[in-house]
Amino acid sequence: MVPGEENQLVPKEDVFWRCRQNIFDEMKKKFLQIENAAEEPRVLCIIQDTTNSKTVNERITLNLPASTPVRKLFEDVANKVGYINGTFDLAWGNGINTADMAPLDHTSDKSLLDANFEAGKKNFLHLTDKDGEQPQILLEDSSSVEDSVHDRFIGPLPREGSVGSTSDYVSQSYSYSSILNKSETGYVGLVNQAMTCYLNSLLQTLFMTPEFRNALYKWEFEESEEDPVTSIPYQLQRLFVLLQTSKKRAIETTDVTRSFGWDSSEAWQQHDVQELCRVMFDALEQKWKQTEQADLINELYQGKLKDYVRCLECGYEGWRIDTYLDIPLVIRPYGSSQAFASVEEALHAFIQPEILDGPNQYFCERCKKKCDARKGLRFLHFPYLLTLQLKRFDFDYTTMHRIKLNDRMTFPEELDMSTFIDVEDEKSPQTESCTDSGAENEGSCHSDQMSNDFSNDDGVDEGICLENSSGTEKISKPGLEKNSLIYELFSVMVHSGSAAGGHYYACIKSFTDEQWYSFNDQHVSRITQEDIKKTHGGSSGSRGYYSSAFASSTNAYMLIYRLKDPTRNAKFLEVDEYPEHIKNLVQRERELEEQEKRQREIERNTCKIKLFCLHPMKQVMMENKLEVHKDKTLKEAVEMAYKMMDLEDVIPVDCCRLVKYDEFHDYLERSYEGEEDTPMGLLLGGVKSTYMFDLLLETRKPDQVFQSYKPGEVMVKVHVVDLKAETVAAPVTVRAYLNQTVTEFKQLISKTIHLPAETMRIVLERCYNDLRLLSVPSKTLKAEGFFRSNKVFVESSETLDYQMAFTDSHLWKLLDRHANTIRLFVLLPEQSPGSYSKRTAYQKAGGDSGNVDDDCERVKGPVGSLKSVEAILEESTEKLKSLSLQQQQDGDNGDSSKSTETSDFENIESPLNERDSSTSVDNRELEQHIQTSDPENFQSEERSDSDVNNDRSTSSVDSDILSSSHSSDTLCNADNTQIPLANGLDSHSITSSRRTKANEGKKETWDTAEEDSGTDSEYDESGKSRGETQYLYFKADPYAADEGAGEGHKWLMVHVDKRITLAAFKQHLEPFVGVLSSHFKVFRVYASNQEFESVRLNETLSSFSDDNKITIRLGRALKKGEYRVKVYQLLVNEQEPCKFLLDAVFAKGMTVRQSKEELIPQLREQCGLELSIDRFRLRKKTWKNPGTVFLDYHIYEEDINISSNWEVFLEVLDGVEKMKSMSQLAVLSRRWKPSEMKLDPFQEVVLESSSVDELREKLSEISGIPLEDIEFAKGRGTFPCDISVLDIHQDLDWNPKVSTLNVWPLYICDDGAVIFYRDKTEEIMELTDEQRNELMKKESSRLQKTGHRVTYSPRKEKALKIYLDGAPNKDLTQD
């Protein structure tokens, strides 16, 4: 193409046709190549990366033409894996010992076929290290650095990839393996333990400071004097050596933090990098005392300034000398919306004096009066290493939040500090120094108060002199000093984030190559000066909490400059210049790293697989993890597994072998005959992170022979069924093939179990309750649904049952029962001798249970007679009737005043015990049930359901019962710990509803989570017992008590059909428990020994499984609409204000007064409390907080939201109840007397409204304090809102500016709030230090006993501390 006259590109005709022909030729050539390639054989290459360059080694597959040269194979592998070609080797991996094979030549032009590759087969290759060196990772060309400058972003999360490009931070290929690959920069990163980025930034800066690193290397650790683990300088030495010599990309800092005395929790605490710098320097100074490095920190980082005040009338100046390690620079002046533009501007503001006039006048010692004065700071000496802190964190008093100032503040690469030095050549007056240091220091400068004879140090620049020299050499002229104060920037510590948290990283210039690098935890990359400029910040807008949303939150926080002085600027020590102890340390660290590398190599070549073994003696399946090197043989692996399973004293090792096993299906996949010398790596298919199969250590008896398991076989567990005995035998294992027919399978089973195949019936259980009779002889096992592991039942009798339909046959019913029968262990309640005698009466009628037929359940008697369950229950009920009548008659004649400590239900059971008043309630309750069932013999007596008296001896167990409306199981918490309400409501929600109802003046109904209590009645609507509707299998046998079970406990081993209802199950247990099913409770015991009560009687036992444990406890089970309630006594002025009393039963529709009436006898008998109904109240309990006062006319479920796991407070009143209506409010007040440093007891105040004025009037009335002097504050935390008397006067929010109590910040809407009040005219007691310390100890002890904190305050940031002894101080008095 050539340019035309109009400067347009116009193709010439011959050129066009020539181009077209060339395109056709190229296309033809390509088609021929594709056609030839299609006909050419292919070579499949599978390459496994076996190097340590990456933690997760890749496995790649290449399908290449057979004519491909070996050289091209290396190139393709390098591109695929990401290594530089020529830095790795390829060796054969087809089961050949690679140590005996030379690697392939990466420069060879041989074709793959000529290089012994096999076409059409898998060719396995191992990618290995070349000459002992790891492969080099392929990186993008560094020439792209300049092209990507504009796209580069310096942020908190850099990633691998091209240097400085945006992709560095968004690469998705990053993995932990990068820790093992050293950065292309040659520098090593630091691993972030969790939130230790601030530490990493400072450590890298110190490491890149030649003067600090060299001085640290010259210090020698004396192991005889200190533990190396707690030596901070030694651990820093080790870290610096690793940073300089390690081949890893990043190393850990855990040894350094351990030397600080930190534990793992410190890694989750983020701190300020400037704070860490100061604390670390202090710790190093302490550790380096009396060594050559004792003054290292001061020589490198310490400067001096003068804090002065000069009288403007007489010129008198008071001053003192302060030292500093860093200079804090304000970003934005107080009250200003405009930030300083540059560091130079902020430095000028730092030394700008202020005028003290008006009320701030200065008292002049010479004038002897207050005068106007000038106050300010002057720099006297600058350190060799100048640290500037940019104070980006501030407090916004408008929003009352901490904020970060992201305003732009520039800083130069070279900073001339000569303009800030004090040029005054005059001597300071020989008078006493001024004592006020000025606000500009803000705690950032060390205060060294000195006498005025130190004035000779003015103008002396000791901070930039590292060598010891005479005073005359140190003193220099101001002009020379100015010219020498040029500093160069070499470290910028950057913070990215907000005041609440963020990320630190460091941008550091290397003094070796003058190149800037980003040290971002484990990532180190090159950056440019443009990247440094991006850390200046980006917002100069108005001040506010959300200002960071409109600016980059990534900006410089600390700057470190070094003085430019060729005579003083040091270079890093070369290897040959290292002290001898550092050379030894380098050698040790290299050996440790090589050892770690070898260990990783072993780990990488170790197969880790699950190992199972059925113990030959205990018959228990044991599980472990077998870790075996891939080169270990199968025989060696068997010996390892044999020892791991502790079988040395059980069977010989020759009776063991490893087989391939599927634990999920309980399937033996194959055995390894003749492969005892095969490496485990080949048997298991290589080293993998997870395997799709397991190994089983199979055992045999010495006279047995191992069976051969071949791949493709299926395992079948055969259970032989005996219809006459109604038994199912233990399984016998046979192996079959899926293509076998049913006839062939019958013959196979016949040979194994010796039963005739002609009359054999085989039933396959494909899944739970899915029984299939194999009735088609020619059908294959695969067609019948056989899988890897199967279960069949075999029966071969000649009964007529064979002719019946399968689902109607005895065999089906027996198998159905077998499939649904579970074994349970039942712990019966502890019995007294009397109750045991009555149980004997029950058991004489029944004895042991026997076999079960299709229609009913029968129990085998001791003489062989058969008796139905109905007969047992009828006879037992008659005995209970007779017993109850006798108890009633004896109770009328006995001593009613006699009391007992035994359980009431035990007294019911025992006809030998004396009758007393403590049993009368329960006897009448039991009689009521009996009278209902037989009205002819007994006259009916009305009693409420809550008249059952729960004994105190069992209250600790029975008290924590939660009848959940959402679950059939209820948590029983034995230690009486608080459990949240099931319906999610608390006292606030109840109160809100209550106050709303009071205001609206109408009645509402509060609904619970469900309408009923979650407990179903034991009888259906027709009155027929639900247990009678269906008879299912039940068999109970005595069981030996577990070790540790208490004397008197009895266990039953129960085999029961899990389709039985809980009601029927309880009825079957009646003869063994000795009371009716309505008078005992069933608790399910879980693995953690936590107990849940099963309360839904119409639900089945389907949720139970084999070997579950059940505990039976005496006590009346709940009926529909009833709730078990825990009653606690509220003792407002006791040290423990919450005391458990008893369990009670409240019913839906019951009034509060009715529940109080029923509580009175229980309180008298169980707790010894003699109360009248009008001298105590019930109120809401939420955790330990008293809440709503329940009025006598309130109805449960209508006015009071009652729920499962409900708790109430019982409060004894001093007088008549003052709470009469819902609109009243009861608060608990407590007077604080600051002059005596004590709190008065609680007093209740009942308010008619939520008015603050009324509260003040009531407080004035009970205390005698004038109304205008009353100040009050709401208590904080859990009742009784304890607070130290040292803190109450200033920590509480006294006298809030509100007119009503139900608004913020009080928000008192419910009864039970705690109000502290005081007389504002009362002065606080003056305490001496001794009195304060004594009082602090008493208060600390008191509050710790009550479980309250010594002070109440929002969560504070944990102070950063370095412990010189390697462990934190355990003094409890420290913060």
Would Glu594 and Arg590 pass as an ion pair if we require N to O under 4.0 Å?
-> no
Considering all heavy atoms of both residues, which atom of Ala119 and which atom of Pro41 are nearest to each other, and what is their separation?
-> CB-CB, 3.9 Å
Using a strict cut-off of less than 4.0 Å between a Lys/Arg side-chain nitrogen and an Asp/Glu carboxylate oxygen, indicate whether Lys247 and Glu593 qualify as a salt bridge.
-> no
Between Leu90 and His126, is any pair of side-chain heavy atoms under 4.5 Å apart?
-> no
If you look only at pairs with a residue in residues 599-628, which of them pass as a ring pair (Phe, Tyr, Trp, His ring centres under 6.0 Å), with sequence neighbours excluded?
-> Phe612-Tyr661
Mark yes or no for whether Ser108, through its side chain, and Val70, through its backbone, hold a donor-acceptor pair below 3.5 Å.
-> no
Less than 4.5 Å apart, any side-chain heavy atom of Ile609 and any of Cys607?
-> no
Please list all pairs passing the side-chain hydrogen bond (donor to acceptor under 3.5 Å, both in side chains) test where one or both residues lie in residues 619-630, with sequence neighbours left out.
-> Asn605-Lys630
Could you tell me which residues satisfy ring pair (Phe, Tyr, Trp, His ring centres under 6.0 Å) with Tyr667, sequence neighbours excluded, listed by chain and number?
-> none
With Gln193, which residues qualify under side chain to side chain donor-acceptor pair (under 3.5 Å), at least two apart?
-> Thr253, Thr257
Could you tell me whether the side chain of Asn123 and the main chain of Phe117 form a donor-acceptor pair under 3.5 Å?
-> no
Here the gap from Leu611 atom CG to Leu626 atom CG, rounded to the nearest 0.5 Å, amounts to 5.5 Å
Listed partners of Pro679 passing side-chain contact (heavy atoms from CB on, under 4.5 Å), at least two apart = Leu682
Measure across Leu243 and Val188 and return the closest heavy-atom pair with its distance rounded to 0.1 Å.
-> CD2-O, 3.4 Å
So do the side chains of Val705 and Arg700 get within less than 4.5 Å of each other, counting heavy atoms only?
-> no
Just by modelled atom types, is the Arg823 backbone N or O under 3.5 Å from a matching donor or acceptor in the Asp1106 side chain?
-> yes
Does the side-chain hydrogen bond (donor to acceptor under 3.5 Å, both in side chains) test come out yes or no for Ser265 and Asp263, once each step is laid out?
-> CA-CA 5 Å; Ser265 65; Asp263 55 22; 2.5 Å; yes
Pairwise side-chain contact, Ile762 with Phe793, heavy-atom cut-off 4.5 Å (strictly under) | no
Can you tell if the side chain of Asn790 reaches within under 4.5 Å of the side chain of Leu764, non-hydrogen atoms only?
-> yes
Work out which heavy atom in Leu748 is nearest to a heavy atom in Arg735; give both atom names and the distance.
-> CD2-O, 3.4 Å
Would you say the side chain of Leu199 lies within less than 4.5 Å of the side chain of Leu190, judging by non-hydrogen atoms?
-> no
Taking every heavy atom of Thr68 against every heavy atom of Leu73, the minimum-distance pair comes out as CG2-N, 4.4 Å
N/O donor-acceptor pair under 3.5 Å between Thr50 side chain and Leu127 backbone = yes
Closest approach of Val524 to Tyr187 (non-hydrogen atoms, all atoms of both residues) | CG1-CB, 3.7 Å
Flag if over 12 foreign heavy atoms under 6.0 Å of NZ, Lys130 | yes
Separation of Leu774 CG from Thr741 OG1 (nearest 0.5 Å) | 11.0 Å
In short, ring pair (Phe, Tyr, Trp, His ring centres under 6.0 Å) pairs touching residues 687-715 with sequence neighbours left out are Tyr691-Phe693
Would a 4.5 Å heavy-atom cut-off, applied to side chains only, mark Thr780 and Leu738 as touching?
-> no
Taking all non-hydrogen atoms of both residues, which atom of Leu697 and which atom of Cys656 are closest, and how far apart?
-> CD1-CB, 3.9 Å
Could I get the full list of ring pair (Phe, Tyr, Trp, His ring centres under 6.0 Å) partners for Phe786, not counting sequence neighbours?
-> Phe745
Side-chain (Asn1108) to main-chain (Ser1105) donor-acceptor, under 3.5 angstrom | yes
Under-4.0 Å salt bridge between Arg598 and Glu601 | no
Please state whether the rings of Tyr83 and Phe88 are parallel, tilted or perpendicular, taking 30° and 60° as the class boundaries.
-> tilted
Atom OG1 of Thr606 and atom NZ of Lys632: how far apart are they, to the nearest 0.5 Å?
-> 10.0 Å
The side chain to side chain donor-acceptor pair (under 3.5 Å) partners of His665 (sequence neighbours excluded) come to Asp662
Taking only residues at least two apart or on different chains, which pairs with a member in residues 668-679 satisfy salt bridge (Lys or Arg N to Asp or Glu O under 4.0 Å)?
-> Arg657-Glu673, Lys660-Glu669, Glu669-Arg788, Arg670-Glu675
If you look only at distance, which donor and acceptor atoms sit under 3.5 Å apart when one is on a side chain in residues 637-653 and the other is two or more places apart or in another chain?
residue: Tyr642; atom: OH; partner: Leu647; partner atom: O; Å: 3.1
residue: Tyr642; atom: OH; partner: Glu648; partner atom: O; Å: 3.4
residue: Tyr642; atom: OH; partner: Ile651; partner atom: O; Å: 2.5

Please examine the side chains of Ser789 and Val714, heavy atoms only from C-beta on, and report whether any two atoms are closer than 4.5 Å.
-> no
By side-chain contact (heavy atoms from CB on, under 4.5 Å), Lys701 pairs with (sequence neighbours left out) Asp703, Gln704
Residue list, side chain to side chain donor-acceptor pair (under 3.5 Å) with Asn63, at least two apart or on another chain = none
